[in-house]
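Let me begin by presenting the structure, written as structure tokens, before commenting on it.
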There are 2 protein chains.
Amino acid sequence: MRDVAERAGVGIKTVSRVVNGEPGVAAATAERVNRAARELHFQPDPFAGNLRRSVRRTQSIGLLLSSVDNPYCAAVHRAVEDVAESRGVSVLSASSDEDPQRERALVGTFVSRRVDGLILSATGGDQAYLRPEMDAGTPVVAVDRAPVGIDVDSVVVDNVAGARGATAHLLRRGHRRIAHLGDLSMIATATQRLDGFRQAAAEAGVPADDQLVVQDLHTVELAFDATFRLLRSDDPPTALFTSQNLVTIGAIRALRSLGMQHDVAVVGFDDFALADLLDPAVTVVAQDPVAIGRAAAERVFARLEDRSLPSTQTVLATRLVVRGSGEIAPRRRGSA
Amino acid sequence: MRDVAERAGVGIKTVSRVVNGEPGVAAATAERVNRAARELHFQPDPFAGNLRRSVRRTQSIGLLLSSVDNPYCAAVHRAVEDVAESRGVSVLSASSDEDPQRERALVGTFVSRRVDGLILSATGGDQAYLRPEMDAGTPVVAVDRAPVGIDVDSVVVDNVAGARGATAHLLRRGHRRIAHLGDLSMIATATQRLDGFRQAAAEAGVPADDQLVVQDLHTVELAFDATFRLLRSDDPPTALFTSQNLVTIGAIRALRSLGMQHDVAVVGFDDFALADLLDPAVTVVAQDPVAIGRAAAERVFARLEDRSLPSTQTVLATRLVVRGSGEIAPRRRGSA
DNA sequence: TTGAAAGCGCTAACAT
DNA sequence: ATGTTAGCGCTTTCAA
């Protein structure tokens, strides 16, 4: 910067003014400075400036999701990126793999990088470790699931209602033996979806059967195995309510491997690509990950502008997308 | 840091030594410093240090893909993240949407953030603007497609061979009217895949028919429309070779809407989730995005350790995954 | 083994 | 409209 000043024959502060577009510089002077900067390939160092600046901003936010490789997360990610990009902010992303230790470590690296804000999909662990950071003024927004131990802005869907609706949909078709295939019980959304499932069953007067609830299925393979076992049991379910994307796919693969995809109803939480092209097409409780990501990012920036904002809980609705698999009628026992 | 030094009753440099794990500090002193640091919630500022340090590292790399929301890109992304994370490096990601201007702007923000390395999937534009950056020693690695105007490390698949193989597969089944549905012709891989297609046809002595080559299909919708039109034409193709993920899906949707999915053969470039569950299951030329991402990231770090490395072109093979759609026999003309 | 002084590239606060 | 000086939080250099 000093070199630029010298070359332009001005003081160093004038260069600073020109580079930052501050007022109070004659047009001719600014032009000389700009030329000198160009000639010297001058690239201002944003970090050095931050050192002295009163309001420090790194123009970056941290985004922690289950995995950037998951379609749901990827859609959230893109929406966050778009909002951030429109404000000239970069996104640091990372994948927690639902591991609380990993989550904490990754948040730690984000914090040490002085991100301006943090968006995270909380794992099962406790997020109280974020307290000091929040007290220091860093906006933290939870997506998909609310964290434990801290009070933050969150953007989630109404999982209980969505699950209840899905289950009620199956009950309405006459199903009485409905199985629930759940995600990791550590994850808040998984528990809520199970709650919704149970509520709907109770409301319909269908007795709970713990044999029909399988939890902690976090991969296609685990869901496949669990479904396979369930359908091979003495008193198999006539319908399945799956709590997530990968679980739904695992269940469908199991049904197909048994040739039962037209005999057992399936409603899945989360929409997924090509769900409409399968046979039967898959009925799902759809969320809008783009809206979720956008809302979360906007919340970060709103709080960045006014740190005193009260924390808000944004709850988006889900939408039942009827496609066929959820409308299969129950088979009478023994008629298979 | 000064506060910590004072509290521990040592000099500031000693604190610096302890924090950075440098040798030459008595164990007892180090212990006192660590305690003081903990008590004051001391968080070293990595950027301030970089200011004076000789070998500046931000411990971050920039990753520019078509879109983080694309399954192929997301898989590459995750692989890059894993390699980076194992080295304590964060990933800044962004989506170019195949727009050269956007690419340049996003690379600009990465560069101004002083990323230690850059991985990018080049858009159709010229990447010569990266020259100064590379001369300055920043490792740049191209994924998926080689850039234009600069000589960099690249990790790609053999698109020509893959496309040739796919086309030959269709020719072997007796198809003579094979259409090619191509991605944006600006994108290097799209051109290469078209080349492979043409080579295979020429080798088999099948005359080229420009009516059967449609380019610049970058979305499901465009591919749908193009496929629809093609099949409705006077002399429709009996087989389709689609150059990419989204194009394949668009083509399949078009075939279905015409009820022709069992009559027209399809081989797609890029594998995609659930391709095996569709009816017919989709034959594809599969790449391994995880291997690609990993190789690219490893190349960045290798070059970071030795900037004088010659640039290498890593070409991974593709694999034809036979599932059904590509094995449909040609329909005799007029027999539909 | 330890510390003092200088300075990285920049901005804040105050000149002029 | 422009420049000067101090100092951000750290590392480097060099001396003790």
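Residue numbering restarts at 1 for every chain, and letters A, B, ... go by the order of the sequence lines.
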Considering all heavy atoms of both residues, which atom of A/Glu39 and which atom of A/Arg7 are nearest to each other, and what is their separation? OE1-NE, 2.6 Å

Judged by modelled atom types alone, do B/Ser93 and A/Glu81 share a side-chain donor-acceptor pair under 3.5 Å? no

A/His77 side chain reached by A/Leu65 side chain, heavy atoms, under 4.5 Å: yes

Answer yes or no: is there a side-chain heavy-atom contact under 4.5 Å between B/Ile292 and B/Leu316? yes

Remember a base hit wins even if backbone is also touched, and classify A/Pro46 as base, sugar-phosphate or nothing at under 4.0 Å, heavy atoms. nothing

Smallest heavy-atom separation, A/Ser66 atom then A/Glu98 atom, equals OG-OE2, 2.7 Å

Among residues 3-35 of chain B, which contact DNA chain D at a heavy-atom distance under 4.0 Å? B/Lys13, B/Ser16, B/Asn20

Nt span of DNA chain C in reach of chain A heavy atoms at under 4.0 Å, 5' end first, is C/dG9 to C/dA13

Hydrogens and angles aside, do B/Asp151 and B/Ser311 bring a side-chain donor and acceptor to less than 3.5 Å of each other? yes

What range of DNA chain D does chain B touch, first nucleotide to last, counting atoms under 4.0 Å from its heavy atoms? D/dG9 to D/dT12

Between A/Val152 and A/Met134, is any pair of side-chain heavy atoms under 4.5 Å apart? yes

My understanding is that only one of B/Ile61, B/Ile119, B/Val83 makes a side-chain contact (heavy atoms from CB on, under 4.5 Å) with B/Val91; could you say which? B/Ile61

What heavy-atom pair brings A/Asp116 and A/Arg57 nearest, and what distance separates the two atoms? OD1-CA, 3.4 Å

Might you point out which heavy atoms bring A/Val33 and A/Thr14 nearest each other, and give the distance in Å? CG2-CG2, 4.4 Å

